Amino acid sequence: MRDLYLTNTLTRKKELFIPINPGHVGMYVCGPTVYGDAHLGHARPGVTYDVMFRLLRHLGYKVRYVRNITDVGHLEHDADEGEDKIAKKARLEQLEPMEVVQEYTFRYHDAMRRLNVAPPSIEPRASGHIIEQIEVVKKILEAGFAYISNGSVYFDVEKYNKEFHYGILSGRSLDDTMEGTRSLDGQSDKHAPYDFALWKKAEPQHIMKWPSPWGDGFPGWHLECSVMGEKYLGNEFDIHGGGMDLMFPHHECEIAQNEAWRGTQGVHYWVHNNMVTINGQKMGKSLGNFITLPELFSGEHKVLTQAYTPMTIRFFILQAHYRSTLDFSNEALQAAEKGYKRIMQAARDLREIASGAGVASPIRGTEGHNACQMDYNEFLSDTAPESCPADSEGIKDIFTKVYDALCDDMNTPIALSYIFDAVKLINTEKEKKGTLTKGDIETLVRLFDDVVYGVLGLRDEASSDNGKSEKTISGLMDMVLDERAKAKAEKDWPLSDSIRDHLKALGIEVKDTKDGAEWTLD
RNA sequence: GGUGCUUUGGCCGAGUGGUUAGGCACAGGUCUGCAAAACCUGCUACAGCAGUUCGAUCCUGCUAGGCACCUCCA
């Protein structure tokens, strides 16, 4: 199996990935709080950890990928004053909280499906694990790292910090935290401002509440990930991912809870993706400067000059390293759109070349996609090959470099740069046949199948979702282009151009090549 | 105030102690009825200052700007 390196936030270094159980990977990623539409900022971890999931599987690991849905416990503003985000939305829209959860969970899934993000192995909800969370609160109390105050239970950070290091992940000391923590207005039930809630007492009018040994209430936000991670992945597991903004306090608190309750930090590799920015500023719900995914797909937002397809978004994200900030702009998205289309066109040409050369070319990604059914086989049919059948040194090199890049902390921009080298070779072969051997073509087909479609998860949006309508359209196109070819043969340029213009208006672009006319559907 | 990150060519965005990242845009060329695509060629940058070094965009220090976290946030 190839060596994989990942940047571990705990050490701030690239480390060789060694799983706890050989051949198996347990991976947990913080999912969305479902009180509004997913935005571009959610697409980033969605795609990033999807690529990680796909890459690990492609490298031959059996992966259990857990990504939660937060549907309770996530408060706004300060934990003492804030209102539960879901409950607030429900109050404003006069809905049952679970109606809010249902709607936005569905919409989140839909956006992820369009981005070709594979469903995780398990998608647990906080509200489905209240009993487990209560049990853990009890254990933390027993261990002496929490205290009860006015019906709520808080984690005793100072006490914990005497034995362990609170701040180990975010690289700060409790002194730093103390200095930076805003003083509260004195009404707090907490002993210290940096203590965080494990269980919150619910006011009588509160809808989302459950009975507990400390009275009716609801679990603290940080608790759910600790509890569900342990439940589905065990006492210790391999990878925990999430946005960099979750590093402190969310993930720091998870570590503290884990130590307090099960005597281990619980996670071996912490992986954090960076933020999407707009005009250099973080895109976020709290800042109100976000663009939702439905808006992006439809183009209906004041800062958008056009609509962008899901694959354009995916490619845009892939073109930057996951640990760098990624700045949104129409110009950058348009550049991504063109680059993406260029790769897809080459993929189609490669299929032609392969069938001409008698190379089997399943080339996935062109067939109809339906993530509603969990069709992992779409990207799991192969494990990463150790050798490639290419004859030309150039193609061998591309093949090697692509895998090297992916295994070097998931460097997708570098991998893509070598894919573009492959695109150039395919285009050259199309111009002048015979530059590639059969082995070369086989290697390229594999590269597109396994990497472009499989690991990077791109798919061809231009190809029809429906085999039958595709057949009909292609039959019609043959007919129309045949007529146009006749017009051209008679040098009837007005007619041939008019046909081309009409088709263009329908979103069909016609290109004349030496071998006759070609067309692509936008 | 504390902690950490960052500053790359017209734009996006990798990376490295000495050699062309890549994409998009732009200019010229080939091809073509025209167009598009493709291919070829050109555009060679690393905030500023000082230091280490045979040599720094890449190491060190300082200066300036930007960002993130410290409160909910992917």
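Chain letters run A, B, ... following the sequence lines, proteins first, then strands; residues in each count from 1. Computed from heavy atoms alone, side chains included, the values below leave out hydrogens, waters and symmetry copies. All of these numbers come straight from a predicted model, not from anything done at the bench.
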Side-chain donor-acceptor contacts of residues 326-339 of chain A below 3.5 Å, not counting sequence neighbours, with atom names and distances?
unit_1: Asp327(A); atom_1: OD1; unit_2: Thr277(A); atom_2: OG1; d: 2.5
unit_1: Asp327(A); atom_1: OD1; unit_2: Gly280(A); atom_2: N; d: 3.1
unit_1: Ser329(A); atom_1: OG; unit_2: Ala332(A); atom_2: N; d: 3.0
unit_1: Asn330(A); atom_1: OD1; unit_2: Thr305(A); atom_2: N; d: 3.0
unit_1: Asn330(A); atom_1: OD1; unit_2: Thr305(A); atom_2: OG1; d: 3.1
unit_1: Asn330(A); atom_1: OD1; unit_2: Tyr308(A); atom_2: OH; d: 2.6
unit_1: Asn330(A); atom_1: ND2; unit_2: Val303(A); atom_2: O; d: 2.7
unit_1: Gln334(A); atom_1: NE2; unit_2: Thr305(A); atom_2: OG1; d: 3.3
unit_1: Gln334(A); atom_1: NE2; unit_2: Gln306(A); atom_2: OE1; d: 3.2
unit_1: Glu337(A); atom_1: OE1; unit_2: Gln306(A); atom_2: NE2; d: 3.3

Can you name the residues that form a salt bridge (charged side-chain N to carboxylate O under 4.0 Å, His left out) with Glu93(A), not counting sequence neighbours? Lys89(A)

Side-chain N or O of Ser324(A) less than 4.0 angstrom from OP1 or OP2 on rA14(B)? yes

Sugar-phosphate, base or nothing in reach of Gly41(A), heavy atoms under 4.0 Å: base

Starting at NE2 of His321(A) and ending at C1' of rC12(B), how long is that distance when rounded to a whole Å? 17 Å

List the atom pairs, donor and acceptor, that lie under 3.5 Å between side-chain atoms in residues 66-73 of chain A and the rest of the protein, sequence neighbours left out.
unit_1: Arg67(A); atom_1: NH2; unit_2: Glu123(A); atom_2: OE2; d: 3.2
unit_1: Asn68(A); atom_1: OD1; unit_2: Tyr28(A); atom_2: OH; d: 3.4
unit_1: Asn68(A); atom_1: OD1; unit_2: Gly31(A); atom_2: N; d: 2.9
unit_1: Asn68(A); atom_1: ND2; unit_2: Thr70(A); atom_2: OG1; d: 3.1
unit_1: Asn68(A); atom_1: ND2; unit_2: Glu224(A); atom_2: OE1; d: 2.9
unit_1: Thr70(A); atom_1: OG1; unit_2: Glu224(A); atom_2: OE1; d: 3.0
unit_1: Thr70(A); atom_1: OG1; unit_2: Glu224(A); atom_2: OE2; d: 3.3
unit_1: Asp71(A); atom_1: OD1; unit_2: Ala126(A); atom_2: N; d: 3.4
unit_1: Asp71(A); atom_1: OD1; unit_2: Ser127(A); atom_2: N; d: 2.9
unit_1: Asp71(A); atom_1: OD1; unit_2: Ser127(A); atom_2: OG; d: 3.4
unit_1: Asp71(A); atom_1: OD2; unit_2: Ser127(A); atom_2: OG; d: 2.6

Quiz item: Asp421(A) side-chain donor-acceptor pair to rG22(B) base, under 3.5 Å: no

In dot-bracket form, 5' to 3', how is RNA chain B paired? Count Watson-Crick and G-U wobble pairs only if both distances fall under 3.5 Å, and write | where the partner sits on another strand. (((((((..(((.....[...))).(((((.......)))))....(((((..]....))))))))))))....

Quick check: any donor-acceptor pair below 3.5 Å linking the side-chain of Arg12(A) to the base of rC5(B)? no

Inspect the surroundings of NZ in Lys433(A) and state if more than 12 heavy atoms from other residues, nucleotides or ligands are less than 6.0 Å away. yes

Taking for each residue the nucleotide of RNA chain B with the nearest heavy atom, is it Pro413(A) or His39(A) whose nucleotide lies nearer the 5' end? Pro413(A)

Which listed nucleotide (rC12(B), rG2(B), rG22(B)) is nearest to the side chain of Arg172(A)? rG2(B)

Which part of the nucleic acid does Met275(A) contact within heavy-atom distance under 4.0 Å: base, sugar-phosphate only, or nothing? base

Sequence-distant partners of Glu203(A), salt bridge (charged side-chain N to carboxylate O under 4.0 Å, His left out), two or more places apart: none

Pair Asp84(A)-Tyr35(A), side-chain hydrogen bond (donor to acceptor under 3.5 Å, both in side chains): steps then yes or no: CA-CA 10 Å; Asp84(A) 184 290; Tyr35(A) 67 105; over 6 Å; no

In terms of side-chain heavy atoms of Thr428(A), which of rA74(B), rC39(B), rA14(B) is nearest? rC39(B)

Just wondering, are more than 12 heavy atoms of other shown residues or ligands nearer than 6.0 Å to NE2 in His502(A)? no

Among the nucleotides rC69(B), rA14(B), rA74(B), whichever has the atom closest to the side chain of Lys282(A) is rC69(B)

Is a donor-acceptor contact shorter than 3.5 angstrom present between the side chain of Arg500(A) and the base of rA36(B)? no

Separation of rU8(B) atom C1' from Asp327(A) atom CG, nearest Å, is 15 Å

N/O to N/O distances under 3.5 Å, protein versus nucleotides 23-31 of chain B:
unit_1: rA25(B); atom_1: OP1; unit_2: Lys338(A); atom_2: NZ; d: 2.4

Is Glu254(A) reaching over with its side chain to a backbone N or O of Leu223(A), donor-acceptor style, under 3.5 angstrom? no

Value in whole Å for how far the P atom of rG4(B) lies from NE2 of His272(A): 17 Å

Using the ring of each side chain (for Trp, its six-membered ring), is His251(A) parallel, tilted or perpendicular to His272(A), with breaks at 30° and 60°? tilted

What's Val29(A) touching, base or sugar-phosphate or nothing? Going by heavy atoms closer than 4.0 Å. nothing

Could you check whether the side chain of Asp512(A) and the base of rC34(B) have a donor-acceptor pair of N or O atoms closer than 3.5 Å, going by distance alone? yes

Examine rC39(B): is either OP1 or OP2 under 4.0 Å from a nitrogen or oxygen in the side chain of Lys430(A)? Give yes or no. no

Looking at Asn411(A), I'd like to know whether one of its side-chain N or O atoms comes within less than 4.0 Å of OP1 or OP2 on rA14(B). no

Which of rA68(B), rA21(B), rA37(B) is nearest the side chain of Gln281(A)? It is rA68(B)

